[in-house]
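In what follows, a single structure is set out as structure tokens and then discussed.
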2 protein chains.
Amino acid sequence: MPPPKRRRRGSRYAVLGMLSMGLKTGYAMKKHVEGNLGHYWSESYGQIYPILRQLVDEGLATCTEERRKGKPMRNLYSITPSGRKELREWLAMPPEPQPQRSEILLKLSLGNRVSSETCQKLIRDYRQQCEQDLAYLDDIASALRGPGAQHRDQPYWLMTLHHGRAIREAELAWCGQTLAHLRRLATQKKQWKKEGGASDG
Amino acid sequence: MPPPKRRRRGSRYAVLGMLSMGLKTGYAMKKHVEGNLGHYWSESYGQIYPILRQLVDEGLATCTEERRKGKPMRNLYSITPSGRKELREWLAMPPEPQPQRSEILLKLSLGNRVSSETCQKLIRDYRQQCEQDLAYLDDIASALRGPGAQHRDQPYWLMTLHHGRAIREAELAWCGQTLAHLRRLATQKKQWKKEGGASDG
DNA sequence: GCAGGCTATATCTAACTGATATAGATCTCA
DNA sequence: TGAGATCTATATCAGTTAGATATAGCCTGC
């Protein structure tokens with residue numbers, strides 16, 4: 001039988017990547033994802049810890065237990081040369097098309113089933129979320145440019161932040177347009193009702 | 001013990017939504033997602049068929065077997081009033097924050113580990129993908145405006161298409177900027193090498 | 001002295017993706 | 001006419017991800 005097809009396994013390479021940045025505990029990785037990669041990546045403990053053990057099994061990482069006076073034990077992981085090699089190989093592969101899922105757009109596409117007010121609230125809340133995201137992105141960017149030594153990955157991180165900015169700004173513009181469309185639709189419907197026309201649905 | 005927390009269950013409501021549009025078979029739903037919602041939603045048979053049966057169990061849909069002369073049997077599903085009610089309730093709820101995952105950005109953020117050419121290829125391929133997506137979106141839009149009767153959901157579908165357009169155009173602009181950044185970075189590194197400076201990593 | 005928050009590891013279930021299996025019908029083109 | 005490809009249609013599995021929860025010691029403030 002043919003070899004089983006490769007699945008995506010993005011979490012695996014996200015963890016390898018964080019190991020290659022020098023992060024040493026699962027906990028630190030989770031915090032890093034939440035605090036720095038939140039605009040384009042997410043990861044759960046349920047992925048991180050099993051993957052770390054698996055990477056050790058495969059010789060892509062090593063683990064040493066550290067027990068400090070009066071502090072809880074922790075497992076310190078490091079990437080090995082073969083780990084770096086596998087990471088580089090993955091980086092050179094073209095990304096697979098990702099499954100698209102936008103709950104907002106799904107809801108909007110079914111907007112005819114609820115009131116115009118409900119739809120407008122959906123979009124206004126989303127606009128607010130985008131604004132918060134922009135503030136979050138700016139916080140990361142100024143932290144990056146701020147005090148410490150220039151990290152060697154800094155230029156690449158800035159590019160991902162630019163991406164987040166570009167997308168959120170486009171979304172803000174779209175929210176404005178869409179709210180106008182929704183208001184126009186609502187006015188038209190009221191108009192038709194007043195004229196006693198037959199409903200279209 | 002407290003009641004278990006609700007998970008997202010987007011597939012469930014996508015299926016309910018398609019039932020409310022009049023789609024009757026699992027196969028037709030899958031085709032609809034691929035052909036019309038591909039820019040913001042995806043769905044697999046592994047979700048659709050079990051969910052349809054589950055909706056029937058819960059009284060949100062009904063099923064009748066249709067057997068036609070010389071054609072294979074098929075199951076025709078319809079939404080019930082309680083199905084419509086549950087759909088409307090979901091539509092009125094604020095969407096939960098969605099897990100962000102962009103393989104391209106993850107790869108780019110680790111770009112320092114591979115050659116500038118590899119990074120640039122990553123972005124060029126992505127740019128091409130965005131261009132194809134734009135063409136696909138335009139195809140859907142002209143099909144929507146084209147021949148048949150104006151579907152009552154048409155204005156909402158156009159809003160989701162506008163969203164797709166806005167995002168892809170922002171991405172195209174970002175690809176251009178990013179390619180320029182990558183080229184500049186490569187030139188700088190060559191420069192440093194020539195000057196015999198110590199490597200930064 | 002204890003409530004709340006942080007560091008840290010670990011695990012479970014539900015949800016989801018992508019692939020594969022099956023089978024009759026219809027299309028294609030040689 | 002017949003072999004092979006594609007389409008309609010249902011079904012299921014294994015691998016992967018999301019999100020919640022359990023545990024436990026330490027630190028901070030009140």
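Every chain is numbered from 1, with letters handed out A, B, ... down the list of sequences. Note that the structure is a prediction, hence the values are computed from the model and not measured.
Note on B:Tyr49: a side-chain N or O is less than 4.0 Å away from OP1 or OP2 of D:dT10. Residue A:Arg101 has a polar side-chain atom (N or O) positioned under 4.0 Å from OP1 or OP2 of C:dT17. A close approach under 4.0 Å does occur between a side-chain nitrogen or oxygen of B:Arg53 and OP1 or OP2 of D:dT12. Contact annotation: B:Ser11 side-chain N/O to C:dC16 OP1/OP2 distance is under 4.0 Å. Under 4.0 angstrom from either OP1 or OP2 of D:dT16 there lies no side-chain N or O belonging to A:Arg8. At the phosphate of D:dT8, OP1 or OP2 sits under 4.0 Å from a side-chain N or O atom of B:Tyr27. OP1 or OP2 of C:dT17 sits under 4.0 Å from a side-chain N or O of B:Ser42.
In the model, B:Tyr77 has no side-chain atom that pairs as donor or acceptor with a side-chain atom of B:Thr64 under 3.5 Å. Side-chain contact annotation: A:Ser20 with A:Arg84, donor-acceptor N/O pair under 3.5 Å absent. Judged purely by distance below 3.5 Å, without hydrogens or angles, the side chains of A:Ser11 and A:Glu43 pair a donor atom with an acceptor atom.
Closest approach to the B:Asn75 side chain among C:dT9, D:dA11, C:dG18 is made by D:dA11 (side chain taken as heavy atoms from C-beta onward). Of all nucleotides listed (D:dT10, D:dA18, D:dT12), D:dT12 comes nearest to the side chain of B:Pro50.
Put simply, OH on A:Tyr45 is 14 Å from C1' on D:dA18, counting in whole angstrom units. Between B:Met29 atom CE and D:dA11 atom C1' the separation is 16 Å, expressed in whole Å. The nearest whole Å value for the distance from the NZ atom in A:Lys30 to the C1' atom in D:dT17 is 12 Å. Distance CD (A:Glu34) to P (D:dG19): 12 Å, rounded to an integer number of Å. At whole-Å resolution of the value, NZ in B:Lys24 and P in D:dT8 are 18 Å apart. One atom, CE of B:Met73, and another, C1' of D:dT10, lie 7 Å apart when rounded to the nearest Å. C:dG18 atom P lies 13 Å from atom CD1 of B:Ile48, rounded to whole Å. To the nearest angstrom, P of D:dA18 lies 19 Å from CZ of B:Arg9.
Comparing B:Arg74 and A:Ser44 along DNA chain D, the residue whose closest nucleotide (by nearest heavy atom) sits nearer the 5' end is B:Arg74. When the nearest nucleotides of DNA chain D are assigned to B:Gly46 and A:Arg12 by heavy-atom distance, the more 5′-ward of the two goes with B:Gly46. Both A:Lys31 and B:Glu43 lie near DNA chain C, and the one whose nearest nucleotide falls closer to the 5' end is A:Lys31.
Between B:Lys121 and the options B:Asp125, B:Ile123, B:Thr118, a side chain to side chain contact (heavy atoms under 4.5 Å, CB included) holds for only B:Asp125.
Between the side chain of B:Thr25 and the main chain of B:Leu76, no donor-acceptor pair closer than 3.5 Å is present. In this structure, B:Gln120 contributes its side chain and B:Leu179 its backbone to no donor-acceptor pair below 3.5 Å.
Looking at heavy-atom distances under 4.0 Å, A:Gly26 makes contact with sugar-phosphate atoms alone, never a base. Backbone-only engagement by B:Thr25 is indicated by non-hydrogen atom pairs under 4.0 Å involving sugar-phosphate atoms exclusively.
A salt bridge links A:Glu58 with A:Arg12: the closest approach of a Lys/Arg side-chain nitrogen to an acidic carboxylate oxygen falls below 4.0 angstrom.
From one end of the helix from C:dG1-D:dC30 to C:dA30-D:dT1 to the other, with five pairs defining each end axis, the axis direction shifts by 30° (rounded to 10°).
Checked against a 6.0 Å centroid threshold, the rings of A:His162 and B:His181 count as neighbours.
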